[in-house]
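A short write-up of the structure that comes next.
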Amino acid sequence: MATPGFWQKDQEEVSRLSQERAWMRELLDAWEKLYKEAEETRILAEIAHEENDDTVLKEVKQDVARLQREVKGMEVTSLLGDPDDKRNAILAINAGAGGTEAQDWVEMLFRMYTRWGEEKGMDVQVIDYLPGDEAGIKNVTFTIAGPYAYGYLKSEHGIHRMVRISPFDATGRRHTTFASVSVMPEVDTDIKIEIDENDLRIDTFRASGPGGQHVNKTSSAIRITHLPTGIVVQCQNEKSQHRNKDMAMKVLKSKLYEVEKNKLDQKKYEIHQTQKDIAWGSQIRSYVFNPYRLVKDHRTNIEDGNIERVMDGGIDVFIDAYLRMK
């Protein structure tokens with residue numbers, strides 16, 4: 001940034017590099033703060049040990065436990081080395097077979113990720129939302145914007161299975177239902193994805209999700225079909241048709257970027273076809289509410305018996321284990 005002519009660069013490039021510098025400064029400040037606190041705690045421990053001061057030693061023990069937690073958090077960040085990891089995340093959750101029960105499961109997962117993002121101080125915005133016929137959500141697409149959002153949430157890509165006594169079954173039977181979670185990095189303006197307008201079919205329709213009277217009375221929702229790949233994206237959250245189109249194009253660029261990235265990695269599938277059948281045997285994680293209460297990740301074998309905490313956004317234990325495994 002100190003080089004001659006830097007401030008004559010394109011404003012978006014200046015903004016991007018300024019944000020990157022701010023993030024680096026924040027990371028260095030956090031590390032220097034931890035290092036200083038660890039040194040001070042070490043000295044305090046030595047003094048307390050020499051003087052047999054149990055009260056201070058107890059305080060030191062608490063400080064050490066806190067420092068270990070904070071260092072562990074920085075360790076996880078250091079595992080995020082892919083260039084896409086620092087990007088915002090685009091998530092899409094779709095219900096599997098199972099009707100209202102599956103749609104309720106989508107809503108529960110949507111709430112789980114929303115709570116996770118909010119607790120991290122990240123911004124959650126709905127792009128597309130299709131409510132269920134009786135309850136829940138058929139499918140929802142949303143962004144979680146914040147440092148390393150994609151890096152953390154890429155661990156959630158796959159099939160999520162729920163087992164419980166369904167509140168929608170009058171006979172009180174136990175049901176198994178599935179939902180697919182797709183996670184993509186949001187493409188920034190510094191990545192150029194060329195899209196030929198002739199390759200697009202753009203349709204407008206009336207929005208069906210939340211948004212007040214205006215959004216339901218006008219054909220402000222946008223659906224874009226990319227004809228060469230068959231990728232379909234839509235956005236209906238904004239009142240303006242123009243803003244809905246901009247957001248839909250951003251999602252389309254992210255999907256096309258992921259397709260090209262997969263080609264470079266010699267993967268023979270496209271991002272909208274990466275999911276296996278939303279059914280038994282392909283799940284990455286199971287959430288069991290009955291006959292016992294347990295969440296188990298089938299890739300890392302990490303388990304958590306506090307299912308309420310997990311459904312309230314407490315998924316860091318699974319994210320951490322997945323990143324360390326990778």
Side-chain angles (χ1 to χ4, degrees), residues 72-73 76 79-80 82 85 89-120 122 124 132 136-142 144 148-167 174-185 258 269 271-326:
K72 187 178 180 182
V76 173
L79 298 173
L80 302 173
D82 189 282
D85 284 346
I90 298 176
L91 286 82
I93 310 176
N94 293 276
T100 303
E101 176 74 356
Q103 292 161 22
D104 192 49
W105 179 222
V106 170
E107 185 166 25
M108 291 167 67
L109 288 171
F110 174 53
R111 179 185 180 276
M112 182 180 79
Y113 293 124
T114 299
R115 292 300 300 272
W116 179 87
E118 289 172 347
E119 286 177 8
K120 300 293 183 188
M122 298 187 182
V124 180
I137 305 170
K138 289 183 178 179
N139 56 71
V140 59
T141 304
F142 57 103
I144 297 184
Y148 285 95
Y150 174 72
Y152 291 121
L153 291 170
K154 65 185 179 183
S155 64
E156 300 304 296
H157 185 92
I159 308 300
H160 295 246
R161 165 181 175 253
M162 176 179 70
V163 180
R164 71 171 180 180
I165 301 294
S166 173
R174 189 162 62 241
H175 285 241
T176 299
T177 190
F178 302 87
S180 70
V181 177
S182 299
V183 186
M184 298 162 289
E258 190 71 4
Y269 52 81
I271 188 63
H272 68 303
Q273 294 174 327
T274 57
Q275 299 289 14
K276 298 178 183 178
D277 290 337
I278 308 176
W280 176 271
S282 58
Q283 65 269 7
I284 63 164
R285 192 178 300 150
S286 292
Y287 306 71
V288 182
F289 291 80
N290 184 276
Y292 51 87
R293 303 176 75 77
L294 183 73
V295 182
K296 179 175 181 178
D297 193 289
H298 302 291
R299 301 160 300 179
T300 62
N301 289 322
I302 292 294
E303 299 179 351
D304 191 335
N306 192 338
I307 198 166
E308 288 82 8
R309 179 178 61 197
V310 172
M311 298 312 301
D312 213 29
I315 58 175
D316 284 337
V317 62
F318 302 111
I319 292 173
D320 179 271
Y322 176 83
L323 292 174
R324 291 179 188 276
M325 178 192 74
K326 296 295 283 186

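Everything quoted here is computed from the prediction, not taken from an experiment.
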Quick one: do the [X] and [Y] side chains pair a donor with an acceptor below 3.5 Å?
X: Arg115; Y: Tyr113; value: no
X: Trp116; Y: Asp312; value: no
X: Ser182; Y: His157; value: no
X: Glu101; Y: Thr177; value: no

Nearest 0.5 angstrom please: [X] [atom1] to [Y] [atom2], how far?
X: Asp320; Y: Ser155; atom1: CG; atom2: OG; value: 10.0 Å
X: Arg161; Y: Tyr287; atom1: CZ; atom2: OH; value: 12.0 Å
X: Asn139; Y: Ile93; atom1: CG; atom2: CD1; value: 10.0 Å
X: His175; Y: Asn290; atom1: NE2; atom2: CG; value: 11.5 Å
X: Ile302; Y: Lys296; atom1: CD1; atom2: NZ; value: 10.5 Å
X: Arg299; Y: Met325; atom1: CZ; atom2: CE; value: 6.0 Å

| Proximity of Trp105 and Phe178 rings by center, below 6.0 Å |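 For Trp105 and Phe178, the ring centres are not under 6.0 Å apart.
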| In terms of side-chain geometry, is the basic nitrogen of Lys154 or Asp82 positioned less than 4.0 Å from the acidic oxygen of its partner? |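 Between Asp82 and Lys154 there is no salt bridge, as every charged N stays at least 4.0 Å from the carboxylate O atoms.
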| Pair Asp316 + Arg309: basic N to acidic O under 4.0 Å |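 No.
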Where do [X] and [Y] come nearest, in terms of heavy atoms and distance?
X: Arg285; Y: Phe318; value: NH2-CB, 3.5 Å
X: Gly117; Y: Ile144; value: CA-CG2, 4.3 Å
X: Gly151; Y: Leu80; value: O-CD2, 3.5 Å
X: Ile90; Y: Thr141; value: CG2-CG2, 4.0 Å
X: Leu109; Y: Val181; value: CD1-CG2, 4.3 Å
X: Gln103; Y: Gly132; value: OE1-CA, 3.1 Å

| query | Taking C-beta and beyond as the side chain, do Ile284 and Ile159 meet within less than 4.5 Å on heavy atoms? | reply |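 Ile284 does not reach Ile159 side chain to side chain.
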| field | Side-chain heavy-atom pair Thr176, Met162 within 4.5 angstrom cut-off | value |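 No, too far: nothing below the 4.5 Å cut-off.
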| field | Audit row: Arg164, Arg174, side chain to side chain contact (heavy atoms under 4.5 Å, CB included) steps and yes/no | value | CA-CA 5 Å; Arg164 71 171 180 180; Arg174 189 162 62 241; 5.9 Å; no
| task | Starting from the C-alpha separation in whole Å, work towards a yes-or-no answer on side chain to side chain contact (heavy atoms under 4.5 Å, CB included) for Ile315 and Val310. | result | CA-CA 6 Å; Ile315 58 175; Val310 172; 4.1 Å; yes
| field | For Lys326, side chain to side chain contact (heavy atoms under 4.5 Å, CB included) partners two or more places apart | value |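 Applying side chain to side chain contact (heavy atoms under 4.5 Å, CB included) to Lys326 gives Tyr322.
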| task | Decide side chain to side chain contact (heavy atoms under 4.5 Å, CB included) for Val106 and Lys138; before the verdict, give the C-alpha distance in whole Å, the side-chain angles of both, and the deciding distance to 0.1 Å. | result | CA-CA 7 Å; Val106 170; Lys138 289 183 178 179; over 6 Å; no
| field | Residues Phe289, Glu308; criterion side chain to side chain contact (heavy atoms under 4.5 Å, CB included); working and verdict | value | CA-CA 10 Å; Phe289 291 80; Glu308 288 82 8; over 6 Å; no
